[in-house]
Amino acid sequence: MLIFFQELCLQLFLWLLALIDGLMEIFSAIAGVTNVRVNGQSVNIIEYLAGNSTVGTIFWCIFILAVGLTCIFTIVGLVKNMIANNRNVSTIVGKFFLALLGTMAMLAVVFLGILIANSLLQLLARIFQLGNSTKLSNALFDACVGNWINGYNINKINVTSLSVSDIFGGYNAALFGVWPTSWKCNGMVNPNTFIYLPALIASIALAFALIIAVLNLAKRVYEIIYLYFCMPVSMSTLPLDDGARFKNWREQFVTKIILSYGAVLSVNVFVLLLPLIQSMSIPNLGSFGNAVFTIFMIVGGAMVIPAGQTLFARLFGTADDMHAGGGWLRSAYYGGRFAGAMTIGLAWKGAKGIYHAVRHNKHSSNSGGSSSGGSESSDSGGDDGKYTDDGGSAEGGGE
């Protein structure tokens, strides 16, 4: 029975590792580290979306709308200046032409900034891969292996392409070869030293952290295109507010462009340190204690992945924006716990109320006959008394 349980745990672990590798591929594509294929061409996702013809047509339509808004804001600025008389007319008119020319200049700056940011991001990813080409699934698997056997090691395998029988090997069986009794230890890993619980906990935590990171990066792609469309409108307010709205747009755009740096850096740091962590052990501590130590280190490293994005957001003053991406998962988790507790509480109170109601009805039905008889006797006694009194009073009246 234990062998079946070990095989089940390893199979779940392999499925989670395959999920982690898939999330890593999605993560790299959305972050801009690797390219995506569109109509047979390999393109960067941000560059392709920003340079798409449909997106460009919509941008120029918004630009024409922004030109009209610029004229309106210039007239409003002139009217305000006639009342307050705190600015020169030439300054307001100059801001009008600066808004029109600035939009064209910012269009080139936006594309140039995207190209430079993606190139530097790919360079950062290659820097971390110079001495560490191990996949995240292999590194996590190696961290949870107790002992390699038969000359195998992590450098000779690809975990996600293997099966349970390939890793653990065969087992001795009884009852016509159906019931397993012991492992043959002819596979790659010793099944009796594999740390199953740390493997499952660490893989679930890492998958959850990658999901949060991927969602934040996917949200970043839409926000960059959204800010790209809003750029002419933010420039149109230049004659009215001297560039205050454009300053806000610039800060948001720069933040969204470099936000992926924090995620890519945190993932690569985790992959870089994971093989080093798995070689550590605490002296004078048993295998279970060192397994718990491995759990804490792996789960703590997984928490760095979404924390890297939050750190970059805080450095650029938009930390609250991160709650719209990954924080909703935590809110949903705690909200689900609260809703579940309320549901259980209401169900318990409802069951308790039904129990008391049924008990009260039983008590009423059991005592209903005696109380009815007592009522009838008391009522008849009352009638007799009344009759006697009336008769006595009648007789007295007759006398």
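- In summary, of the residues considered (Ile211, Leu23, Ile298, Ile305), a side chain to side chain contact (heavy atoms under 4.5 Å, CB included) with Leu206 occurs for Ile305 alone.
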Side chain to side chain contact (heavy atoms under 4.5 Å, CB included) between Val304 and Val269, worked out: CA-CA 9 Å; Val304 172; Val269 168; 5.6 Å; no
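- Ring pair Phe168/Phe194 is perpendicular by interplanar angle, where above 60° counts as perpendicular and below 30° as parallel.
- Heavy-atom minimum distance, Ala218 versus Ile30: N-CG2, 3.5 Å.
- In this structure a side-chain-to-backbone donor-acceptor pair under 3.5 Å is missing from Gln11 to Val164.
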From CA spacing to verdict: side chain to side chain contact (heavy atoms under 4.5 Å, CB included), Leu115, Glu47: CA-CA 7 Å; Leu115 292 174; Glu47 296 175 6; 3.2 Å; yes
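- Between Trp249 and Phe253, the ring planes are parallel. Angles under 30° get that label, and only those over 60° would be called perpendicular.
- If you take CZ on Phe208 and CE on Met303, they are separated by 10.5 Å, rounding to the nearest 0.5 Å.
- Atom CZ of Phe293 and atom CD1 of Ile282 lie 5.0 Å apart (nearest 0.5 Å).
- Not a single donor-acceptor pair under 3.5 Å links the side chain of Trp183 to the backbone N or O of Asn192.
- A distance of 7.0 Å separates CD1 in Ile46 from CG in Asn44, rounded to the nearest 0.5 Å.
- The aromatic ring centroids of Tyr228 and Phe59 lie less than 6.0 Å from each other.
- Of the options Leu162, Ile154, Thr160, a side chain to side chain contact (heavy atoms under 4.5 Å, CB included) to Asn158 is made by Thr160 and by none of the others.
- Across all their heavy atoms, Ala302 and Ala209 have their closest contact at O-CB, 3.1 Å.
- In this structure, CZ in Phe13 is found 9.0 Å from OG in Ser137, a value given to the nearest 0.5 Å.
- Taking CE from Met106 and CG from Leu112, the interatomic distance works out to 10.5 Å, rounded to the nearest 0.5 Å.
- Of all heavy-atom pairs spanning Lys80 and Leu240, the tightest one is CD-CD1, 4.0 Å.
- For the atom pair CG (Leu140) and CD1 (Ile277), the distance works out to 13.0 Å, reported to the nearest 0.5 Å.
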